[in-house]
There are 2 protein chains.
Amino acid sequence: MAPRSRARRGDGLRLRAEILAAAERLLIDSGDESAVSIRAVAQAVGVTAPSIYLHFADRNELIFAVCEEQFGHLDEAMEHAVVGVSDPWERIERKGRAYVEFGLTNPEQYRVLFTSRADCTPDRFLDERLIATSAFGHLIADIEAAITAGQLRSHDSAMVASGLWMMVHGITSLLISKPDFPWPDRAQLIEHVLHTYSSGLRPDPAGR
Amino acid sequence: MAPRSRARRGDGLRLRAEILAAAERLLIDSGDESAVSIRAVAQAVGVTAPSIYLHFADRNELIFAVCEEQFGHLDEAMEHAVVGVSDPWERIERKGRAYVEFGLTNPEQYRVLFTSRADCTPDRFLDERLIATSAFGHLIADIEAAITAGQLRSHDSAMVASGLWMMVHGITSLLISKPDFPWPDRAQLIEHVLHTYSSGLRPDPAGR
DNA sequence: TGTACATCAGTGAACGCGCGTTCACTGATGTAC
DNA sequence: TGTACATCAGTGAACGCGCGTTCACTGATGTAC
């Protein structure tokens with residue numbers, strides 16, 4: 001391998017970005033968080049293992065940096081799905097579909113974000129803070145608008161948001177972790193579940 | 001430690017059972033599948049590592065034996081919840097609650113069963129076979145009865161069963177993997193989600 | 001009842017592996033004069 | 001413009017660890033005579 005050229009002064013972010021990219025690629029390709037080792041990442045970047053420590057305090061920080069980026073991507077995907085859409089209920093539905101689509105398109109990233117142990121999380125990465133400030137917070141806003149518009153049976157926005165998350169998470173994570181199960185047609189199944197849950201959320205047509 | 005007494009002839013199943021029990025305990029206590037190593041299990045049982053190989057071909061077989069047992073327990077829990085209940089719809093609802101309860105009571109076992117990679121599975125443990133023959137198969141039967149009884153809007157039993165599974169899996173797995181998230185009251189949340197989905201499954205009261 | 005033998009559950013030592021992390025270092029880049 | 005020096009990104013070797021798995025073995029249990 002051609003020796004990589006040394007970074008210029010103040011160019012430290014270049015290697016950092018390369019490390020992050022390599023870690024993500026490794027995660028995707030291997031489909032296994034434990035394959036994202038300091039040594040494997042270093043090798044993928046073409047650098048020795050100790051240099052990783054110039055950019056990340058330890059392995060945890062590296063993994064969490066990868067997660068942080070992915071949380072950002074998820075939020076972006078969901079916001080992108082509702083650009084120009086103003087009806088609250090339609091925004092909610094579109095976000096649900098975007099969530100599932102994001103997960104199925106990026107299964108390994110999804111896995112790390114939502115099905116790994118919460119234990120080894122550094123303080124600055126608490127679930128509350130990270131999720132509350134991005135996708136989940138944005139969803140709450142839409143739900144409150146939908147409540148105001150009389151589009152929901154329940155008026156408890158935190159409850160509705162949590163339930164919706166569980167719904168789309170159930171679809172996504174089960175399809176990811178049981179890909180060989182004899183599911184019915186995948187697209188129809190997703191539609192069935194989303195539609196069933198949506199029906200239950202809407203107010204009775206004839207009023208209470 | 002007192003040296004364990006050697007097994008009598010034909011008493012080979014005793015150690016096998018002890019190994020399984022130790023593996024399960026290790027899984028629960030550590031909350032981490034990777035902590036269930038051959039060596040750790042052997043030490044917990046009070047035996048040397050190579051003796052594990054007298055009862056399991058390799059580490060995979062051991063892990064899967066643990067899973068197999070847990071799948072059985074889940075099926076038992078769900079069947080137990082509907083003893084003496086004949087109304088199909090009520091059986092379905094009770095099974096859903098039993099599923100969630102099983103998962104929340106046995107979070108680490110649940111995690112291994114439903115959120116780990118499907119890759120490293122031996123043939124005899126294919127998802128299709130294992131699940132189809134127990135809990136999932138039993139649920140299908142109830143759903144078909146409910147369809148016959150006119151209790152469901154959809155008439156596609158595989159679709160309804162898959163959707164229900166996703167629903168209860170979403171509740172269970174998200175509560176397990178994000179225990180620190182600022183959820184609303186847990187019991188209310190579970191009720192809200194189950195009730196919302198149930199509403200969507202039932203036929204319109206006024207007929208189509 | 002007593003003895004020689006076969007069985008086989010479990011042992012102890014060793015293999016090679018990849019891991020996270022540390023440490024003193026090197027040497028190209030940039031700067032001060 | 002030229003030289004001596006400081007900086008600091010990245011290196012190379014080493015640490016101790018726990019892992020899965022193998023192998024030749026031991027010695028208590030059971031059996032045949």
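In what follows, chains carry the letters A, B, and so on, assigned in the order in which the sequence lines appear, proteins first and then strands, with residues in each chain numbered from 1. Values in this document were obtained by computation on a predicted structure and should not be read as measured data.
A 3.5 Å limit on both hydrogen-bonding distances identifies C/dA13 as the Watson-Crick or G-U partner of D/dT22. Remark: D/dG27 base-pairs with C/dC8; criterion is Watson-Crick or G-U wobble with both hydrogen-bond distances under 3.5 Å. Pair assignment for C/dC33: D/dG2, on the basis of Watson-Crick or G-U wobble contacts that are both within less than 3.5 Å.
For the pair A/Ser51 and D/dT11, the criterion of a side-chain N or O lying under 4.0 Å from OP1 or OP2 is met. Proximity of A/His55 to the phosphate of D/dA9: no side-chain N or O atom is located under 4.0 Å from OP1 or OP2.
Note on B/Glu33 versus B/Arg111: no salt bridge recorded, every NZ/NE/NH1/NH2 to OD/OE distance being 4.0 Å or above. A/Arg94 and A/Glu90 are joined by a salt bridge, as a carboxylate oxygen and a charged side-chain nitrogen come within less than 4.0 angstrom of each other. Under a 4.0 Å N-O distance rule, the pair A/Glu18/A/Arg25 does not qualify as a salt bridge.
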Working note: A/Glu93 + A/Leu194, criterion side-chain contact (heavy atoms from CB on, under 4.5 Å); need CA distance, chi angles, decisive distance, verdict.
CA-CA 8 Å; A/Glu93 284 211 309; A/Leu194 290 176; over 6 Å; no
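Between the C1' atom of C/dG12 and the CD1 atom of B/Ile52 lies a distance of 15 Å, rounded to the nearest Å. Between the CG atom of A/Leu15 and the P atom of D/dC8 there is a distance of 16 Å, rounded to whole Å. C/dG10 atom C1' lies 17 Å from atom CD of B/Gln43, rounded to whole Å.
Nearest to the side chain of B/Leu54, among D/dT11, C/dG10, C/dT11, sits C/dG10.
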Classify every nucleotide of nucleotides 13-23 of chain C by which part a protein heavy atom approaches to under 4.0 Å, writing B for the base, S for the sugar-phosphate alone and - for neither, in 5'-to-3' order.
BB----BBBBB
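In this structure, B/Phe114 and B/Tyr99 have tilted ring planes: the angle between them lies in the 30° to 60° band.
The shortest distance between side-chain heavy atoms of B/Val100 and B/Leu175 does not fall below 4.5 Å.
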